[in-house]
Amino acid sequence: MQVLHVISFLIERTGGQIKPCAGSLIQYLQTLWHEAQEHNMLKCAILTTLVHLVQVILYTCSIQVIKNVGIGWIIVTNCNIVLIVNSSI
């Protein structure tokens with residue numbers, strides 16, 4: 001969980017400069033989500049990190065993302081965001 005807190009901090013501090021790494025971070029969070037099946041506190045930390053990443057993407061508004069993040073799909077386009085949550089969770 002400490003690693004996720006550091007990643008969240010770096011996302012907040014680097015702002016839009018994190019965009020080239022966004023895809024890799026989302027893949028990491030997706031993998032970690034699958035590993036954290038019974039660890040609710042870890043899932044909260046994953047979601048917090050994801051929220052920080054999405055906030056940075058929305059702030060810059062110049063990137064389009066359609067990505068499966070394990071809990072659902074994130075779609076960011078023209079400064080709008082949609083999180084479609086899987087019903088199987």
Atom CD of Q37: over 12 foreign heavy atoms under 6.0 Å: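 Result for CD/Q37: enclosed.
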Output the distance between atom [atom1] ([X]) and atom [atom2] ([Y]), rounded to the nearest 0.5 Å.
| X | Y | atom1 | atom2 | value |
| --- | --- | --- | --- | --- |
| T49 | E12 | OG1 | CD | 9.5 Å |
| Q30 | E35 | CD | CD | 11.5 Å |
| L47 | W33 | CG | CH2 | 4.5 Å |
| H34 | I46 | NE2 | CD1 | 10.0 Å |
| H5 | T48 | NE2 | OG1 | 7.5 Å |

Verify same cluster id: L10, L50 (apolar side-chain graph, 4.5 Å):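 In one cluster: no.
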A36 versus K43, closest heavy-atom pair with distance: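 Nearest pair, atom of A36 first, then K43: O-CE, 3.1 Å.
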Side chains of I11 and L25 in contact at under 4.5 Å (non-hydrogen atoms):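 Answer yes - side chains close enough.
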Pairing residues for Y28 by the side chain to side chain contact (heavy atoms under 4.5 Å, CB included) criterion, not counting sequence neighbours: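 Partners of Y28 by the side chain to side chain contact (heavy atoms under 4.5 Å, CB included) criterion, ordered by chain and then number, come out as V3, L4, I7, L32.
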